[in-house]
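All remarks here apply to the structure that follows.
When reading the values below, keep in mind they use all heavy atoms of this one structure, side chains included, and skip hydrogens, waters and symmetry mates.
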Amino acid sequence: MPQPPPPLASPLWRSLRAYQIFGANTEVGKTVFSTLLCKAAAARTSRSPGGVAFLKPVSTGPDSEADDRSKLANTTIPSNDTLLFQCRDYAAQCANIGRKWLFVETAGGVHSPGPSGTTQADLYAPLRLPVVLVGDSRLGGISSTISAFESLRMRGYDVESVVLFKEDKYQNFAYLSEYFAEHHDVPVAGVIEPPERKSSLEEDVRAMSHYYEEQSQENNTTDIISHLDSRHEQRIASLSSMATQALQNIWYPFTQQSLLTPKDINVIDSAHGDYFQTLTPSSPSPSSLQTDSLLRASFDGSASWWTQGLGHANPKLTLAAAYAAGRYGHVMFASGIHRPAAELSSTLLKGMENPRLARVFFSDNGSTGIEVALKMGLRAAKLRYGWAREEKLGVVGLKGSYHGDTIGAMDCSEPSGYNEKVEWYDGKGHWFDYPTILCVDSKWRVNVPEELRQALGEDADFGSLSEIFDVHGREQKGHHLRYEAFIRETLERLHKQGRRFGSVIIEPVVLGAGGMALVDPLFQRALVNVVRKSPDLFRKPNAAVEETPGDPASWTGLPIIFDEVFTGLYRLGRFSSSSFLDTNADISVHAKLLTGGLVPLCTTLASENIFQTFSSQDKTDALLHGHSYTAHPVGCQVALESVKELQKMDQTGSWNWAKSQGWTSTKTSLAGNQSAAEVWSTWPRALVEDVSRQTDRVSGIWALGSVLAIHLKDASGSTGYFSDAAQSLRDSLIAGDSEGANGSWNVHCRVLGNVLYLMAGQKTTEESVEQISLLLRKGLNA
């Protein structure tokens, strides 16, 4: 079976100055300027004109009128990837044979479609070639030139120069020169227009030859080449020095910086789709070989700290942000409303399909969204049970959970390496140990902690992950009874000790920062059910037992907070990860994938009952929490676009290829529903079960939705955040593959102690998963 091609690396070499020529419109003189630049560049080099190359991948019009008969496109319509790979291959050939310059000319205008129908601005974006924009000197050319420039800038192109014909009639050159100098610091150069076409071909060729010879030597043209030469050198110098400068100026998060060296810094030149374009570690110095590529493609294996879903530089999200920035900028949200916030609120509430949730509170990130949720839940419990202000309330949670880096969020997690050295940390709660799920030696196993086996039973093997997630079927078999008894007994003991609790807070199904633990959903469901059925365990001693309110959406026992910052919005294959538990939260927190990784935003959704807790005639009873950028329009508009795109992908079957990899089952659960059949992953089940058989190195593995987590064995027997068992596998993936014909590539990934995790995006292709799977197998077998 042939291996898939490696990912596309952007073309950048020390010796080759590669530029892409876009036109503001059709017939603005792209080919004329391409010719002038080629001749001027050839004259600048110490070698013959062979030091300059020209490529026009796509041409418009009939073949008889094509500008370049050797263009890459042919009668078969190539895919976007095929076209880009051919462009990259050609650039590599130019670098390898000593060419100094390459000009890649586009066809038509910036948004003229390529062979597949994708507009060229989007088609060529992964190459990230710097641009020379040919402006329009005709009537209306000022508008089309500025519009073309803005379209390119919004897609991340570096427009290094604008060129156009000088003319007296419309004064476009004069206006655009001043405009781009004032607003964008981009130089504008002009040349006289070519002579009118002659009556005979021979005369026409002679006239144009003279024109090219003369104008290529004009200062305006040679100055462009000098500028492009300088910009190429500046780009390389900046990339080469960035890591050293970063260590001097930057304070990195979650990093012991004293252990870093410049080679440990990932220098990112650009990003597109699932890939960064990063500086190749083995980049030669100026005195060594010049033909090695400076950039390589790096798969974003942590989804940029779990935020990426729709791909880097997604044009839909970019345009959404630009629209909201242009229409609103930022506007104060207190006692106000704007359409992006209004539409996003209704979209989220509808998408959650949770009859309890009725209100949306906006904040800026997951940690502060959790702070908001805690304020909501604790206040509701204090008022219902009559706890005095000075009485300390804690939370009920799970061991290893982590809900954010702000003080309140840290306090609802047990002591750990994340918080023990934070001076103000004061953990407030009880954290249950719990059964976890791993695939071990090709068997799907519910692993019970050793100290809990007497209460919860022994480990249990299942035929598939979907059987484990069939919570109703397992309840019919009585699997939940021991869980509920253990939880009830524990809460009773805590109640007798005088412990007071104000909320339950859990990450549904997966504990992220705590080590990518896949929790038995039946245990979490049992915890919620016991708490809701046991108000007697949370009231004051000797107080009357709380009566269940008549409103079915009202909380009982304790308010239930679901932290879906990481797990929500299709990360695990569903809109809400709480659906795996088939139970509804009173408060639910969402961030990360909410904006597809473009801008920070968080929403805390709450029930009407919780909302009314803060309602009175006293202003100090209000939820006095907010941010300067609460519900900022740019974030709301991007989030709205992101959520709708994810929903559309779900509805149109965009993930059917992943669901067909052996995860889904047509078997109906014992409870008569199809929930078990909805458990699937981007990562192939065959890969997971193959890796699980490497029992000498792997203690277990799991995959769900876009997440893959490999638990490695530590020779010292230690686990958790400070184990280094996963580092060798991580280093292997970071080293990557340097043998690809289209440039080297690797996987940028992070570890959580002995756990290496990989995260696909929601737009990651089957081909990319196959490529990474091969590299992963190679690393495990090394």
Margin query: Taking atom CZ as the centre, does Arg235 end up with more than 12 heavy-atom neighbours from other residues, nucleotides or ligands that are less than 6.0 angstrom away?
Written below: yes
If you look only at distance, which donor and acceptor atoms sit under 3.5 Å apart when one is on a side chain in residues 642-649 and the other is two or more places apart or in another chain?
| residue | atom | partner | partner atom | Å |
| --- | --- | --- | --- | --- |
| Ser642 | OG | Leu593 | O | 3.3 |
| Ser642 | OG | Gly596 | N | 3.3 |
| Glu645 | OE1 | Lys316 | NZ | 3.1 |
| Glu645 | OE2 | Lys763 | NZ | 3.3 |

Please table the atom pairs, donor to acceptor, closer than 3.5 Å between any side-chain atom in residues 125-138 and protein atoms at least two apart or in another chain.
| residue | atom | partner | partner atom | Å |
| --- | --- | --- | --- | --- |
| Arg128 | NE | Ala125 | O | 3.4 |
| Arg128 | NH1 | Arg155 | O | 2.6 |
| Arg128 | NH2 | Ala271 | O | 3.0 |
| Asp136 | OD1 | Arg138 | N | 2.9 |
| Asp136 | OD1 | Arg138 | NE | 2.9 |
| Asp136 | OD2 | Arg138 | NH2 | 3.1 |
| Arg138 | NH2 | Thr26 | O | 2.9 |

Is it the case that the side chain of Thr595 and the backbone of Val638 share a donor-acceptor pair, with hydrogens and angles ignored and the cut-off at 3.5 Å? no
Margin query: Looking only at side-chain N and O atoms, does Ser304 offer a donor or acceptor that is under 3.5 Å from a partner on Asp300?
Written below: yes
In terms of heavy-atom contacts, Thr106 and Lys56 come closest through O-CE, 3.5 Å
4.5 Å side-chain heavy-atom contact, Glu766 and Glu770: no
Sequence neighbours excluded, the answer for salt bridge (charged side-chain N to carboxylate O under 4.0 Å, His left out) partners of Asp650 is none
On a heavy-atom basis, the closest approach of Lys30 and Gly108 is NZ-O, 3.0 Å
Sub-3.5 Å donor-acceptor pair from the side chain of Ser144 to the main-chain atoms of Gly141, do we have one?
yes
Residues Gly190 and Phe173: closest non-hydrogen pair is N-CE1, 3.3 Å
Here the gap from Thr280 atom OG1 to Asp292 atom CG, rounded to the nearest 0.5 Å, amounts to 8.5 Å
Of all heavy-atom pairs linking Leu295 and Asp269, the shortest is CD1-OD2, 3.7 Å
Heavy-atom distance under 4.5 Å between the side chains of Leu239 and Leu12, does that happen here? yes
| task | Measure from the side-chain N and O atoms of Gln277 to the backbone N and O of Leu8, and report whether any donor-acceptor pair falls under 3.5 Å. | result | yes
The reported gap from CG in Leu344 to CG in Leu640 (rounded to nearest 0.5 angstrom) is 6.0 Å
#### Entry: Whether Glu167 side chain and Gln171 backbone form a donor-acceptor pair below 3.5 Å
yes
In short, side chain to side chain donor-acceptor pair (under 3.5 Å) pairs touching residues 195-212 with sequence neighbours left out are Ser199-Glu203, Ser200-Glu203
Is any side-chain heavy atom of Val163 closer than 4.5 Å to one of Val191? no
inquiry  = side chain to side chain contact (heavy atoms under 4.5 Å, CB included) for Val634 and His330? Distances and angles first, verdict last.
reply    = CA-CA 8 Å; Val634 171; His330 176 57; over 6 Å; no
- Have Ser230 and Gln234 got a donor and an acceptor in their side chains that come within less than 3.5 Å? yes
Pair Ser151, His111 - check side chain to side chain donor-acceptor pair (under 3.5 Å), show working. CA-CA 9 Å; Ser151 289; His111 288 300; 3.1 Å; yes
Exercise. Just wondering, do Tyr179 and Val186 contact through their side chains at under 4.5 Å, heavy atoms?
Worked result: no
Taken to the nearest 0.5 Å, the spacing of Asn746 CG from Ile734 CD1 works out to 7.0 Å
Notebook entry, point to check: Can you say whether the rings of Trp655 and Tyr570 are parallel (under 30°), tilted (30 to 60°) or perpendicular (over 60°)?
Noted result: tilted
- If only atom types and distance count, is the side chain of Thr278 paired as donor or acceptor with the main-chain N or O of Val267 below 3.5 Å? no
* Asked: With side chains defined as the heavy atoms from C-beta onward, is the minimum distance between Pro57 and Gln86 less than 4.5 Å?
  -> no
Output for pair (Cys749 SG, Ile772 CD1), nearest 0.5 Å, gives 10.0 Å
(Q) If we ignore hydrogens and angles and just use 3.5 Å, is the side chain of His232 paired with the main-chain N or O of Arg14 as donor and acceptor? (A) yes
Note: Tyr275 and Ser768 closest approach over all heavy atoms is OH-OG, 3.4 Å
Report yes or no: do Gln637 and Glu641 form a side-chain donor-acceptor pair below 3.5 Å? no
With side chain to side chain contact (heavy atoms under 4.5 Å, CB included) as the criterion, how do Thr145 and Asn172 come out once you've worked through the C-alpha distance, each side chain's angles and the decisive distance to 0.1 Å? CA-CA 10 Å; Thr145 303; Asn172 290 10; over 6 Å; no
Worksheet item: With distance as the sole test, does Ser112 use its side chain to make a donor-acceptor pair with the main-chain N or O of Gly109 at under 3.5 Å?
Response: yes
- For the side chain of Arg99 and the backbone of Val52, is there at least one donor-acceptor N/O pair under 3.5 Å apart? yes
What I want to check is whether the side chains of Ser706 and Gln762 have a donor and an acceptor closer together than 3.5 Å. yes
Separation between CZ (Phe299) and CG (Leu733), nearest 0.5 Å, reads 11.0 Å
Asn656 CG: over 12 foreign heavy atoms closer than 6.0 Å: yes
For this session: Would you mind reporting whether Lys592 and Leu569 have side-chain heavy atoms less than 4.5 Å apart?
Result: no
- prompt: Can Trp13 and Ser293 be said to form a side chain to side chain contact (heavy atoms under 4.5 Å, CB included), step by step?
  reply: CA-CA 5 Å; Trp13 290 266; Ser293 175; 3.8 Å; yes
Residues at least two apart in sequence or cross-chain that pass side-chain hydrogen bond (donor to acceptor under 3.5 Å, both in side chains) with Gln308, listed by chain then number, are His312
Task: Side-chain donor/acceptor of Glu178 to backbone N/O of Ala174, under 3.5 Å - done: no
When rounded to the nearest 0.5 Å, the distance separating CZ of Arg44 from OG1 of Thr221 is 13.0 Å
| Got more than 12 heavy atoms from elsewhere within 6.0 Å of OH, Tyr328? | yes
### Task
Report the relative orientation of the aromatic rings in Trp101 and Phe103; use parallel for angles under 30°, tilted for 30 to 60°, perpendicular for over 60°.
parallel
For Leu294, does its backbone N or O pair with a side-chain atom of Arg296 as donor and acceptor, under 3.5 Å? no
Problem set entry | Beyond-backbone contact of Tyr19 with Leu37, side-chain heavy atoms, under 4.5 angstrom | no
Check: Val28 and Leu164 side chains under 4.5 Å, non-hydrogen atoms: no
Just wondering, are more than 12 heavy atoms of other shown residues or ligands nearer than 6.0 Å to OH in Tyr629? no
Between Thr222 and Ser216, the two heavy atoms sitting closest are CG2-O, 3.5 Å
So the ring pair (Phe, Tyr, Trp, His ring centres under 6.0 Å) pairs with at least one residue in residues 117-168 (sequence neighbours excluded) are Phe22-Tyr157, Phe33-Phe165, Phe149-Phe180, Phe149-His184
